[in-house]
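FYI, side chains are in, hydrogens and waters are out, and symmetry mates aren't considered; it's all heavy atoms of this structure. Just so it is clear, the model here is predicted, and its values are computed rather than measured. Chain letters run A, B, ... following the sequence lines, proteins first and then strands; every chain starts at 1.
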Amino acid sequence: MQYWLFKTEPDAFSIDDLANMPNQTEHWDGIRNYQARNFLRDQIKQGDQVFIYHSSCKDVGIVGLAEVVKEAYPDHTQFNPETKYYDPKSTQDKPRWYMVDIKFKQKFDHLLSLKAIKQMADISEVGLVKKGGRLSVMPVPEHEFRVLLKQATQSQ
DNA sequence: GCCAACGTTGGC
DNA sequence: GCCAACGTTGGC
């Protein structure tokens, strides 16, 4: 079991959108960064736990929890010229981009803001607080996952 | 909307 | 394979 953080822009797709999907499940398409792709394709497994993080909005931070329900398979948007994720260099034989399916588990009562995360003494390894934190899919060390989850779920 | 920090592209 | 130019991300 591993732990991850997925970023999303809530204007495009928020945790509420995920919760309102049929079966509360959605494929996480549109990842177009090689490092993030490698995590998706090689390391993310069914049952892994995923923090959902809202970026580029008024209230940035971790908003909830989801679970991986389907492991990596080709992101179909790369083959579709109609989408902004179309990649003309990708082929059906050798897809360049992958995605996983995640299912909504929980929305936290309170946002765990980026500011608060940066102030937490035990949080030093997760990419959010380090350089290179712009990855849209990043691993979360188990002990930091636990600290963050506890902080996010305890009443304030 | 600004801009710093990255990542990608492509000429050489 | 270098590196300048360009594009994107994302916090503020």
What is the separation between atom [atom1] on [X] and atom [atom2] on [N], rounded to the nearest whole Å?
| X | N | atom1 | atom2 | value |
| --- | --- | --- | --- | --- |
| A/Asn38 | B/dG7 | CG | C1' | 14 Å |
| A/Glu9 | C/dT9 | CD | C1' | 8 Å |
| A/Leu128 | B/dC6 | CG | P | 14 Å |
| A/Tyr85 | C/dT9 | OH | P | 8 Å |
| A/Arg134 | C/dG7 | CZ | P | 16 Å |
| A/Ile31 | B/dG7 | CD1 | P | 15 Å |
| A/Asn33 | C/dT9 | CG | P | 9 Å |
| A/Lys58 | C/dG11 | NZ | P | 14 Å |

### Query
Quick one: is B/dC6 close enough that its OP1 or OP2 comes under 4.0 Å of any side-chain N or O from A/Tyr34?
no
### Query
A/Lys7 side chain N/O closer than 4.0 Å to the phosphate oxygens (OP1, OP2) of C/dT9?
no
#### Entry: Of the listed nucleotides B/dG7, C/dG10, B/dG10, the one nearest the side chain of A/Gln35
B/dG7
### Message
Which label fits A/Phe6 and A/Trp28: parallel for a plane angle under 30°, tilted from 30 to 60°, or perpendicular past 60°?
### Response
tilted
### Query
Would you call the rings of A/Trp4 and A/Phe39 parallel, tilted or perpendicular if under 30° counts as parallel and over 60° as perpendicular?
tilted
### Task
Identify whether any heavy atom of A/Ser55 sits under 4.0 Å from a base atom; if not, whether one sits that close to sugar-phosphate; answer base, sugar-phosphate or nothing.
sugar-phosphate
### Query
Does the pair A/Glu9 and A/Ser55 meet the rule for a side chain to side chain donor-acceptor pair (under 3.5 Å), with working shown?
CA-CA 5 Å; A/Glu9 298 188 15; A/Ser55 67; 4.9 Å; no
### Query
Taking NZ, NE, NH1 and NH2 as the nitrogens, is one of them in A/Arg32 or A/Asp75 under 4.0 Å from a carboxylate oxygen of the other?
yes
